[in-house]
Visitor: 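Let me begin by handing over the structure; questions about it come next.
Just so we're on the same page: letters track the sequence lines, and every chain starts at 1.
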Number of protein chains: 2
Amino acid sequence: MNKILVVDDDPHIREVISFALEKANMKVTLANDGKQALDSFNKSSVDLIVLDINMPEMDGLECCREIRKNSEVPILFLSSRDDEIDRILGLEIGGDDYVTKPFSPRELVARVNVILKRTLSNGINNGINSELKLTHGRLQLDTEQHAIWWDEKEVPLTATEFAMLAQILKQPKRVFSREVIMEGAYQFNIHVSDRTIDSHIRHIRQKFSEVGCESIIETQHGVGYKLASCQ
Amino acid sequence: MNKILVVDDDPHIREVISFALEKANMKVTLANDGKQALDSFNKSSVDLIVLDINMPEMDGLECCREIRKNSEVPILFLSSRDDEIDRILGLEIGGDDYVTKPFSPRELVARVNVILKRTLSNGINNGINSELKLTHGRLQLDTEQHAIWWDEKEVPLTATEFAMLAQILKQPKRVFSREVIMEGAYQFNIHVSDRTIDSHIRHIRQKFSEVGCESIIETQHGVGYKLASCQ
DNA sequence: CCCTGTTTTAATAACATCATGAAAAAATTA
DNA sequence: TAATTTTTTCATGATGTTATTAAAACAGGG
């Protein structure tokens, strides 16, 4: 089940979008403005953001810029003014598509689906949001091949291990609580104990150390895990 | 001289397009519907297809899906309804561009030329449908003959087995989930159990082992299948 | 330095997935 | 229609993965 963060200051529009997306079997989180959106994004796991451009507090473009500092999560812009400038800026700034108001909910859902289909790993693990290929320092990840390399050496991870590392790799600076890792790497609604997460982390570390990488994931005592800073 | 297959149920439109393309020095073949188009495509060599979306029998989208199972031939969609959905779906499904009716013949020819220039100059697709034959290591596949060889020995696969292996062979490094294999190797909208996929994979392996190939498809536990890496 | 709570480690139990053989169901062919 | 091939499903045991547990190691605060 895909998790969509919808950001718009108009409650009515939020309602419409939310309804349409939920009918299309997606899990929706709502935010009123850019600040709330950023907050929510950093506290949970999100596959795609529907982001209105014109908002009080922090507008969509600025919000996008902030998000893009740590994440390549797909963003679908909403623009109420019909002028071209906003659209172009929106795309230039790192959005994946845009819809101009007024829009039909059906169109919005269609576009969301197109983007998700493009970016999600191909049905292999529904719920991992991912670019097809990710490179970070000496690390390289390919969703399509479901494989990950340290330098030239492939690291043989299991499906769950791969999902976790992919998630962490997508926001290299973020510290992930065990709860968020769970949300992101597991099917919707599945719960395991925190110790289980630890266990997987250990296995990932072990496998990486076997190919000569002694530090892949760092522990943030009392908080969670993050990608080792040297990566 | 480039060979264009034009598919539309409206005789008048076929006429207009045909006239325009021939004036632009292309060889045109015509088809009334998706079924005829598939047939014609499989019997001749085509550089590009102009494909109407709304047709009786088999519509453009489904026709495209079928064609995409064996070929990457460029497709230019024609859409009479001006709504966004069709466009998006059309592109999602593996089309190269679209034109909405009513269109000027000149615009259509221009777009055809752009696509041809792009695909021909890649050298990948020398005007001939290059997907017909595939070679990968000791493996050789011929879509036209519907046959596959290991070294010099032909491996007698059934239609379904052939479709699956062809799909896998087209992206040798990719790991295919059973769901994706299903989408790719079966008619649109047909569902079978995951165990059925396994069963076919087993038969493929068996038949290959009978001609001396002990490793043709690898299992990715919890994910799916991929071409064996030694190929 | 000790106490407390957290993380790592390692061993094991529980679980899910896959390969296999056999056999029903469906589609082709004769 | 009968015979044959192909496709699909089911049941089983084998295999590989994941979750849990408990104990040891570690970090931070007084």
Visitor: Indicate, yes or no, whether a donor-acceptor pair under 3.5 Å links the base of C/dA10 to the side chain of A/Arg202.
Guide: yes

Visitor: Rounded off to whole Å, could you give me the CZ-to-P distance for the B/Phe176 and C/dC18 pair?
Guide: 16 Å

Visitor: Hey, which sits more toward the 5' end of DNA chain C by its nearest nucleotide, A/Gln206 or A/Gln220?
Guide: A/Gln220

Visitor: Quick one: side chains of residues 212-225 of chain B, donor-acceptor pairs under 3.5 Å with protein atoms, not counting sequence neighbours, listed by atom name and distance.
Guide:
{"from": "B/Glu218", "atom 1": "OE2", "to": "B/Ser229", "atom 2": "N", "distance (Å)": "3.3"}
{"from": "B/Glu218", "atom 1": "OE2", "to": "B/Ser229", "atom 2": "OG", "distance (Å)": "3.1"}
{"from": "B/Thr219", "atom 1": "OG1", "to": "B/Arg205", "atom 2": "NH2", "distance (Å)": "2.8"}
{"from": "B/Tyr225", "atom 1": "OH", "to": "B/Arg178", "atom 2": "NH2", "distance (Å)": "3.3"}
{"from": "B/Tyr225", "atom 1": "OH", "to": "B/Asp198", "atom 2": "OD1", "distance (Å)": "3.1"}

Visitor: Less than 4.0 angstrom between a side-chain N/O of A/Thr196 and OP1 or OP2 of D/dT20, yes or no?
Guide: yes

Visitor: With respect to the phosphate group of C/dA19, does any side-chain polar atom (N or O) of B/Tyr225 fall under 4.0 Å of OP1 or OP2?
Guide: yes

Visitor: Please determine if a side-chain N or O atom of A/Arg195 lies less than 4.0 Å away from the OP1 or OP2 oxygen of D/dA19.
Guide: no

Visitor: Take the protein atom CD of A/Glu218 and the nucleotide atom C1' of D/dA27, then report the distance between them rounded to whole Å.
Guide: 15 Å

Visitor: Do NZ/NE/NH1/NH2 and the carboxylate oxygens of B/Glu62 and B/Arg65 come within less than 4.0 Å?
Guide: no

Visitor: Using a heavy-atom cut-off of 4.0 Å across all strands, would you classify A/Thr158 as base, sugar-phosphate, or nothing?
Guide: sugar-phosphate

Visitor: Atom CD1 of A/Ile190 to atom P of C/dC15: distance rounded to whole Å?
Guide: 14 Å

Visitor: Describe the nucleic acid contact of B/Ser193 in one word from base, sugar-phosphate, nothing, applying a heavy-atom distance below 4.0 Å.
Guide: sugar-phosphate

Visitor: How many angstroms lie between CD1 in A/Ile197 and CZ in A/Arg202, if you round to the nearest 0.5 Å?
Guide: 14.5 Å

Visitor: Name the orientation class of the two ring planes belonging to A/His146 and A/Phe162 (parallel below 30°, tilted from 30 to 60°, perpendicular beyond 60°).
Guide: parallel

Visitor: Could you give the NE2-to-P distance, from A/His203 to D/dT17, as a whole number of Å?
Guide: 11 Å

Visitor: Is the phosphate of D/dA19 approached by A/His200 (side-chain N or O, under 4.0 Å from OP1 or OP2)?
Guide: yes

Visitor: Report, as yes or no, whether the 6.0 Å neighbourhood of atom CD on A/Gln145 holds more than 12 heavy atoms from other residues, nucleotides or ligands.
Guide: yes

Visitor: Considering heavy-atom distances to DNA chain C, does A/Gly222 or B/Arg178 have its closest nucleotide positioned more toward the 5' end?
Guide: A/Gly222

Visitor: What is the distance from CD of B/Glu161 to C1' of D/dT8, rounded to the nearest Å?
Guide: 12 Å

Visitor: Quick one: A/Leu157 CG to D/dG16 C1', roughly how many Å, whole number?
Guide: 15 Å

Visitor: Applying a 4.0 Å non-hydrogen cut-off, can you work out what B/Thr219 is touching in the nucleic acid: base, sugar-phosphate, or nothing?
Guide: sugar-phosphate

